Amino acid sequence: MTRSQAVKLDVCGVTAVVAVIDGKWKTSLLWLLEAGPQRPAEIRRRLPGLSEKVLTQALREMESDGLVHREVHDVLPLKTVYSLTDFGRRLSVALGPVSDLGHERLDRLTAERAEQAGRVGQVGQVGQVGQVESSAS
């Protein structure tokens with residue numbers, strides 16, 4: 001999906017929403033801001049690997065899409081705080097069930113991989129026993 005989808009008027013509702021949260025960091029930013037207003041430095045500390053440049057770009061896009069509010073306090077040095085708008089809070093709540101489905105999927109994948117690893121471990125043990133027996137002969 002491209003950024004240009006966020007301003008199109010002739011798309012389905014799901015596409016309109018996905019367009020504003022598309023990207024590696026935006027859902028994480030929504031999740032963090034759900035807890036309350038955050039300063040950019042606080043956000044970066046909580047999201048290791050997120051560069052200042054990418055954070056600034058994502059927050060600007062989210063602000064222009066109506067998800068976050070940027071407040072600059074007139075103190076020296078300037079203090080900038082980001083918070084969710086009403087639309088951002090509503091979107092975050094709406095994504096709750098999607099998040100639940102995602103966690104169910106991750107749990108299923110974890111269980112499947114553990115089961116596969118158990119089968120591979122059993123096959124490896126049988127093979128090792130067979131090798132020990134044949135070398136003992």
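Position 1 is the first residue of the sequence, and the numbers go up from there. The figures that follow rest on heavy atoms only: side chains count, while hydrogens, waters and symmetry mates do not. The shown structure was predicted, so the numbers you read here are calculated from the model rather than taken from an experiment.
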Could you tabulate the donor-acceptor pairs under 3.5 Å formed by side-chain atoms of residues 86-99, not counting sequence neighbours?
{"from": "R89", "atom 1": "NH1", "to": "L84", "atom 2": "O", "distance (Å)": "2.7"}
{"from": "S92", "atom 1": "OG", "to": "E34", "atom 2": "OE2", "distance (Å)": "2.1"}

Note to self: Let's go through H73 and V81 carefully: what are the C-alpha distance in whole Å and the side-chain angles of both, what is the deciding distance for side chain to side chain contact (heavy atoms under 4.5 Å, CB included) to 0.1 Å, and is it a yes or a no?
What the structure shows: CA-CA 8 Å; H73 297 271; V81 178; 3.8 Å; yes

Do any side-chain atoms of residues 100-115 form donor-acceptor pairs under 3.5 angstrom with protein atoms, and if so which ones, sequence neighbours left out?
{"from": "T110", "atom 1": "OG1", "to": "L106", "atom 2": "O", "distance (Å)": "2.8"}

Next item on the list: Mark yes or no for whether T85, through its side chain, and H69, through its backbone, hold a donor-acceptor pair below 3.5 Å.
Entry: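 Flag not set: sc T85 to bb H69 has no pair under 3.5 Å.
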
Next item on the list: May I ask you to list the residues sharing a hydrophobic cluster with V72, side-chain cutoff 4.5 Å, ordered by chain and number?
Entry: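 Cluster partners of V72: L78.
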
Would you mind reporting whether [Y] and [X] have side-chain heavy atoms less than 4.5 Å apart?
{"X": "P40", "Y": "Y82", "result": "yes"}
{"X": "R60", "Y": "R70", "result": "no"}
{"X": "D65", "Y": "I21", "result": "no"}
{"X": "L29", "Y": "M62", "result": "yes"}

Checklist line | Between CD on residue E61 and CG on residue L67, distance to nearest 0.5 Å | finding: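 Taking CD in E61 and CG in L67, the distance rounds to 10.5 Å.
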
Next item on the list: Would you give the length of the straight line joining atom CD of Q38 to atom OG1 of T80, rounded to the nearest 0.5 angstrom?
Entry: 13.5 Å

Next item on the list: List the atom of I43, the atom of L33, and the distance in Å for their closest heavy-atom pair.
Entry: CD1-CD2, 4.3 Å

Check: So does E52 have more than 12 non-hydrogen atoms from other groups sitting under 6.0 Å from CD?
Finding: no

Note to self: Quick test of your reading of the model: are K79 and E71 salt-bridged, counting only N-O distances below 4.0 Å?
What the structure shows: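 No, no charged N to carboxylate O under 4.0 Å.
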
Next item on the list: Among L55, L50, L59, L30, find the residue that satisfies the side-chain contact (heavy atoms from CB on, under 4.5 Å) test when tested with W25.
Entry: L50

